[in-house]
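Notes for the one structure printed next.
Computed over heavy atoms, backbone and side chain alike; hydrogens, waters and symmetry mates excluded. Numbers restart at 1 for each chain; the letters A, B, ... are given by sequence-line order, proteins then strands.
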Protein chains: 2
Amino acid sequence: MEDNSELRRASSSSMHEQLAVRLRALIAQLPADSRMPTEKDLVDRYGVSRTTVRRALGALVDEGLLVRRQGAGTFVAPQRVVHPLDRLRPFVSIFSSVGKQPEGRILRFEWAENPPQLAALGLSEGLLVRRLYTIDGAPQAVADIAVPGPFGTRISRSQIEEHPIYQVLQDLGLTLSYGRITLVSQGAAGDLAQHLGVETGHPLLVLSRTTFDEDDRVVEHATYHLLPDRFELRLTVDAAELESVSYSFSRPGPELVMKPGIGEKG
Amino acid sequence: MEDNSELRRASSSSMHEQLAVRLRALIAQLPADSRMPTEKDLVDRYGVSRTTVRRALGALVDEGLLVRRQGAGTFVAPQRVVHPLDRLRPFVSIFSSVGKQPEGRILRFEWAENPPQLAALGLSEGLLVRRLYTIDGAPQAVADIAVPGPFGTRISRSQIEEHPIYQVLQDLGLTLSYGRITLVSQGAAGDLAQHLGVETGHPLLVLSRTTFDEDDRVVEHATYHLLPDRFELRLTVDAAELESVSYSFSRPGPELVMKPGIGEKG
């Protein structure tokens, strides 16, 4: 889609914001790692100043849609890994959306009493596993997996090294039934920052999942710490129970006061 | 739950990491804005050095679980607004999870041709609305709402000022059916950073939603830019179609080589 409509100087949006909107549409159509047009090309194409082009490109870099590579130019940021949230699936399977097979490296394998993620579920002990996912050596995510005692006790390190936790649980004869998922953003603390190659406090997308079997038993709790510019989560929800909405926003700030008209007494 | 088990010096986790784990469990049980015990209290309670206490608290501040208030101490961070993703609902309704009524302020109300969020859906023009949500004057989220031409043309500024978009669409006689949602984390650019009171590039949780009516027509596209430490998204997914998982991680690094035994020839 070539966008030939001109940027409008009279618009309520500034020129660089209007240009950013056009460029976002352009980026959406380009494959990852595409080289963006040069500043000069963009100046010519959109009839704006070089300052306007720089501000628009800078905003898109800040948003994570573009990346600058020293001496090489500006490129469309790498494609995000798509995690569909329509049903339970092994985490590793989502990397197929970018045509990659990640490597898994076990950073932790130990028994723990009262780890908080299990204690919060009313369980007292279990196996704790930390796995680092990398693609071509680049960190993507860290998983902290806790398997409650009765199941964790039957799992070996080599099973965990070789296979996703869902496969290991299925190999134990468990039938996975459903999962509860929460998503937040949280700063990377200590070790985690180091493993993911980011600064301490760098915000991560954090997906926590509790998996239940057909007897409603918790069979695992996993927390996935995801690099935020690398993942996209998708789902479809329906309006089955959407009642008629009724809500009125309160108006912030002072009420509009009508000035007394001419001739009236103040 | 009083946690009396001692921190173990022999553990593979460092002392400050073990303490952070205990404190996370403690925080999970405390209401928002609770004052945390002082450094000295924690030193006495867990039998660790002040340095260990400081490192553990620092990590939890980095994660966003605790906030430091100048001269007043360290507190449990404000409760997150819970956004259940089980079905379509008006965005404003999620604030009831923290017992608050947000204010809505319209920052934009204009007609646009080929805005990218509509163009991506094959639609050529529509009404663009930007709403800032605040609670007690503090910014929470910015929504960018696009309503396609045929519906947007019938919506007034005062309808948008007073009511959530779902209510306005229902008032037009539309029946909302389902929505497609994507979630990413993205840096805050320009205006958006300003409205939310964060630095440019500050990562936001970004929820995009396309809503369809019973005739499968797109009736709105909304992008919610959420302050990442304020929101938690929740859903339950089932394993209905979870096939038996089969995946083997490739092993990074060199293969384990068995040393030749004594008496064998190298």
What is the minimum heavy-atom distance between [X] and [Y], and which atoms define it?
{"X": "B/Thr182", "Y": "A/Glu232", "answer": "CG2-OE2, 3.5 Å"}
{"X": "A/Ala59", "Y": "B/Ala189", "answer": "O-CB, 3.7 Å"}
{"X": "B/Leu176", "Y": "A/Ala239", "answer": "O-CB, 3.3 Å"}
{"X": "A/Asp62", "Y": "B/Ala188", "answer": "CB-O, 4.5 Å"}

Which of the residues [options] is involved in the greatest number of heavy-atom pairs with chain B at under 4.5 angstrom?
{"options": "A/Tyr178, A/Tyr247, A/Phe212", "answer": "A/Tyr247"}
{"options": "A/Leu227, A/Leu207, A/Ile181, A/Thr236", "answer": "A/Ile181"}
{"options": "A/Gly64, A/Pro102, A/Ala120", "answer": "A/Pro102"}

Go through the atoms of [X] and report whether side chain, backbone, both or neither lie under 4.5 Å from a heavy atom of chain A.
{"X": "B/Asp86", "answer": "backbone"}
{"X": "B/Leu65", "answer": "side chain"}
{"X": "B/Arg80", "answer": "side chain"}
{"X": "B/Ser177", "answer": "backbone"}
{"X": "B/Leu205", "answer": "side chain"}
{"X": "B/Arg55", "answer": "neither"}
{"X": "B/Val21", "answer": "both"}

So which of [options] has the largest heavy-atom pair count under 4.5 angstrom toward chain A?
{"options": "B/Thr175, B/Asp229, B/Asp191", "value": "B/Asp191"}
{"options": "B/His16, B/Gln170, B/Gln101", "value": "B/Gln170"}
{"options": "B/Arg180, B/His163, B/Arg209", "value": "B/His163"}
{"options": "B/Pro164, B/Ala193, B/Ser93", "value": "B/Pro164"}
{"options": "B/Pro116, B/Ala20, B/Gly190", "value": "B/Pro116"}

Set of residues satisfying side-chain contact (heavy atoms from CB on, under 4.5 Å) with respect to A/Ala141, sequence neighbours excluded: A/Phe91, A/Tyr133, A/Leu226, A/Phe231
Spatial distance of atom CZ (B/Arg234) from atom OG (A/Ser208) [nearest 0.5 Å]: 10.5 Å
d(B/Glu63 CD, A/Thr200 OG1) to nearest 0.5 Å is 10.5 Å
Taking CD in B/Gln159 as the centre, count heavy atoms belonging to other residues, nucleotides or ligands within less than 6.0 Å. Is the count above 12? yes
